[in-house]
Protein chains: 2
Amino acid sequence: MSESGAAVRNTRQRSAVSALLAEVEGFHSAQDLHAMLRDRGERVGLTTVYRTLQGLADAGEIDVMRPPGGEHLYRRCSEGHHHHLVCRACGRTVEVAGPTVETWADRVAAQHGYTDVSHTLEIFGTCPTCTP
Amino acid sequence: MSESGAAVRNTRQRSAVSALLAEVEGFHSAQDLHAMLRDRGERVGLTTVYRTLQGLADAGEIDVMRPPGGEHLYRRCSEGHHHHLVCRACGRTVEVAGPTVETWADRVAAQHGYTDVSHTLEIFGTCPTCTP
DNA sequence: CCGCGTAACGAGAATGATTGTCAAAAGCGC
DNA sequence: GCGCTTTTGACAATCATTCTCGTTACGCGG
């Protein structure tokens, strides 16, 4: 019921999604990834892609971003906590670490008595290549 | 066509939305605000609420937040640039200023050659009242 | 004060990503 | 190999937001 059993199974579809995320670069929407899998010949349902991505996100194995555009974007990222510097023209992404920010956020939250703190931070700009 | 004329008109509906935002506290969704206006007896269309909110957001008079939940939340905030510390249980919000973060973000972006930099930052936690 | 041109309004339909449903198929332990 | 349980997947449902387009009314010049 809630313990002892194999709570997570190893399925072909799950592997396919993981493998794909390991290969592609940059952020992609769920529908994007679904289309790529289909092109590869993998038969995976859209519903399953969504479910798998949510699972991976919960497990902390991938990062989720919600750009102003509206769709969720997923990406396989390096292990530690970090943030993203995204070009708003071409989408090029740079991972940046900001220990100062982490500390500051925790401190500010603590000052107000908030616990169980998390935060989201995205930086948008125009990269050198896209600058006219 | 594009100049000299009154590009923006002063309508009853626009005033109503502004007035409502001036009174309420915390973040509210567009549909939320629309319902409140209706309760007040103001006859304003949902479409107009969306349009007005977008306009105010573009003008920088209100802040927009995109919580994991999925809907856009709007709030009348203090003038300067700042961020939000939000309780994920009761929604209580604290405005916080983070000069360090601003500087850091600009510097990091500049190091990578990115220009025209902006950023979004939200801090989530559980406020003292909601802590078990 | 009156009338006109144009921006804003509003009701409903359209859009489109995400989530729910439920019968069928496939893992994993035995 | 067998059976129970999880997972899958096609399709429908949901729901916030956007679009359309005829109607309304603001603001200004006359």
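Chain letters run A, B, ... following the sequence lines, proteins first, then strands; residues in each count from 1.
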Exercise for the section: Using atom CD of A/Gln31 as one end and atom P of D/dG9 as the other, report the distance to the nearest whole Å. Expected result: 16 Å
Exercise for the section: Specify the separation, in whole Å, of atom CZ of A/Arg12 and atom C1' of D/dT6. Expected result: 15 Å
Problem - Atom CZ of B/Arg76 with >12 non-hydrogen neighbours under 6.0 angstrom - result: no
Handout entry: Reported CZ-to-CG distance for the pair B/Arg51 and B/Leu56, which is rounded to 0.5 angstrom
Key = 13.0 Å
Practice task
Round to the nearest Å and state the distance from A/Arg14 atom CZ to D/dT6 atom P.
Solution key: 13 Å
Handout entry: Whether over 12 other heavy atoms sit under 6.0 Å from B/Glu25 CD
Key = no
Problem - Terminal axis angle for the helix from C/dC1-D/dG30 to C/dC30-D/dG1, five pairs an end, nearest 10 degrees - result: 30°
Practice task
Kindly indicate whether the side chain of B/Arg9 and the base of C/dT6 share any N or O donor-acceptor pair separated by less than 3.5 Å?
Solution key: yes
Handout entry: Within one Ile-Leu-Val-Met-Phe-Trp-Tyr cluster: B/Leu121 and B/Leu85, side-chain cutoff 4.5 Å
Key = yes
Completion exercise
Comparing B/Asn10 with B/Tyr74, nearest DNA chain D nucleotide closer to 5' gives the residue B/Tyr74
Practice task
Send over the distance from A/Leu73 CG to C/dT18 C1', rounded to a whole Å.
Solution key: 14 Å
Exercise for the section: Write out all pairs satisfying salt bridge (charged side-chain N to carboxylate O under 4.0 Å, His left out) with one or both partners inside residues 86-111 of chain B, taking only residues at least two apart or from two chains. Expected result: A/Asp116-B/Arg88
Exercise for the section: Assess whether atom CZ of B/Arg75 is packed by more than 12 heavy atoms of other residues, nucleotides or ligands within 6.0 Å. Expected result: yes
Problem - Nucleic acid contacts of residues 40-67 of chain B, taken as heavy-atom distances under 4.0 Å to DNA chain C - result: B/Arg43, B/Val44, B/Gly45, B/Thr47, B/Thr48, B/Arg51
Exercise for the section: Figure out the NE2/P separation between B/His72 and C/dT18, and round it to whole Å. Expected result: 12 Å
Exercise for the section: Ignoring backbone atoms, establish whether B/Gln13 has a side-chain N or O less than 4.0 Å from OP1 or OP2 of C/dG10. Expected result: yes
Handout entry: Nucleotide D/dC15, atom P - distance to CG of B/Asp32 in whole Å
Key = 15 Å
Completion exercise
Between B/Ala30 and A/Arg38, whichever has its closest DNA chain D nucleotide further toward 5' is A/Arg38
Practice task
Check the angle between the aromatic planes of A/His84 and A/Phe27 and answer parallel, tilted or perpendicular using the 30° and 60° thresholds.
Solution key: perpendicular
Practice task
Counting heavy atoms from C-beta on, name the nucleotide in C/dT18, D/dT7, C/dC9 closest to the side chain of A/Thr11.
Solution key: D/dT7
